Amino acid sequence: MEGIDKTKVYFVGAGPGDPELITLKGYNLLKQADVVIYAGSLINHDLLNYCKAGAECHDSAYLNLEQILSLMEEGVRSNKLVVRLQTGDLALYGSVREQGEELAKRGIGFRCVAGVSSFLGAAAELGAEYTVPEVSQSLIITRMAGRTPTPELESLERFAQHQTSMAIFLSVQGISEVAERLVAGGYPLDTPVSVVYKATWPDCQILKGTLEDIAQQVEDAGIYKTALILVGRFLGDEYHYSKLYDAEFSHEYR
Ligand code: SAH
């Protein structure tokens, strides 16, 4: 691993839950960190067992942005290695940018270490591929509008027109509305849906149904957070072998 630059804050993707799904790079940083600010409501606290004795660990669930920044600044100014540990990968709903910009105002830079996003952890739990030859070759990652609005061109109805694979974050609490809007937008009622709660955690739960019955299943299971809604025929039975391992196909792309 290249040298660690303690003048910067390291944002590290913690992975979806299983402590073995952090990258080696993330693990090495966590092991050496002096200050760790972790997103306590989503990351697996067992990850903190990788930290050295005496590392200061702060749960950001109890902190506002200003307090998080103060901890980061204090750490960097005292020549400590500061790690900001966030769930999944940083590039999806990670709020890295606002933290980074505020750090920049204080003259502090940052580095990012990629993580395994929960939509990948969820697919692994299912043993499924979002891209299935001749069924779906695209994945839409989105969320339903909540306190954070979504742009009009990105409404669930509009995305549903594509009838491609979808991974919907931050929305399981509104599953009835999600299902209704996807149907209004064009997905047939019998489109397969899977809700994956706490993918890669020991208490992971997987619900399988269709746009017609998934809301009832979610309600019965009492799931209202830390879940992904996966939608599309990639979850169904239709399937075509890929040309990749076809005997006639050039080896160059395998
Ligand atoms: N950056 C994260 C997403 C943060 S937004 C990532 O890459 O995964 C938080 C949302 O992510 C949750 O509301 C839920 O929809 C999803 N999520 C995070 N961890 C999850 C997990 N282990 N299983 C299922 N969904 C998860």
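Start at 1 and go down the list; that is how both ligands and their atoms are numbered. All figures in this text were calculated on a predicted structure; none of them were measured in a lab.
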Using heavy atoms and a cut-off under 4.0 Å, could you grab the residues that are in contact with ligand 1, chain by chain, numbers ascending?
->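 For ligand 1, the residues that come within the 4.0 Å heavy-atom cutoff are Pro16, Leu42, Thr87, Gly88, Asp89, Leu92, Tyr93, Ser117, Ser118, Phe169, Leu170, Val196, Lys198, Ala199, Trp201, Thr226, Ala227, Leu228.
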Distance in Å, Tyr130 OH paired with Leu139 CG, rounded so as to fall on 0.5 Å steps =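 It comes to 6.0 Å.
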To which residues is Leu182 joined in a hydrophobic cluster, defined by side-chain heavy-atom contacts under 4.5 Å among Ile, Leu, Val, Met, Phe, Trp and Tyr, whether direct or through other members?
->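 Once heavy-atom contacts under 4.5 Å are chained together, Leu182 belongs with Ile140, Met144, Leu156, Phe159, Met166, Ile168, Val172, Ile175, Val178, Val183, Tyr187, Leu189, Val193, Val195, Tyr197, Leu207, Leu211, Ile214, Val218, Ile223, Ile229, Val231.
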Salt-bridge criterion met for Glu56 and Lys80 (N-O under 4.0 Å) = yes
Go through Gln99 and Gln86 one step at a time and tell me if the side chain to side chain donor-acceptor pair (under 3.5 Å) criterion holds.
-> CA-CA 12 Å; Gln99 298 175 70; Gln86 298 193 172; 2.9 Å; yes
Just wondering, do Asn79 and Asp34 contact through their side chains at under 4.5 Å, heavy atoms?
->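 No, side chains not in contact.
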Indicate yes or no: at least one non-hydrogen side-chain atom of Asp89 is less than 4.5 angstrom from one of Val116.
->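 A side-chain contact is absent here, since even the closest heavy-atom pair is not under 4.5 Å.
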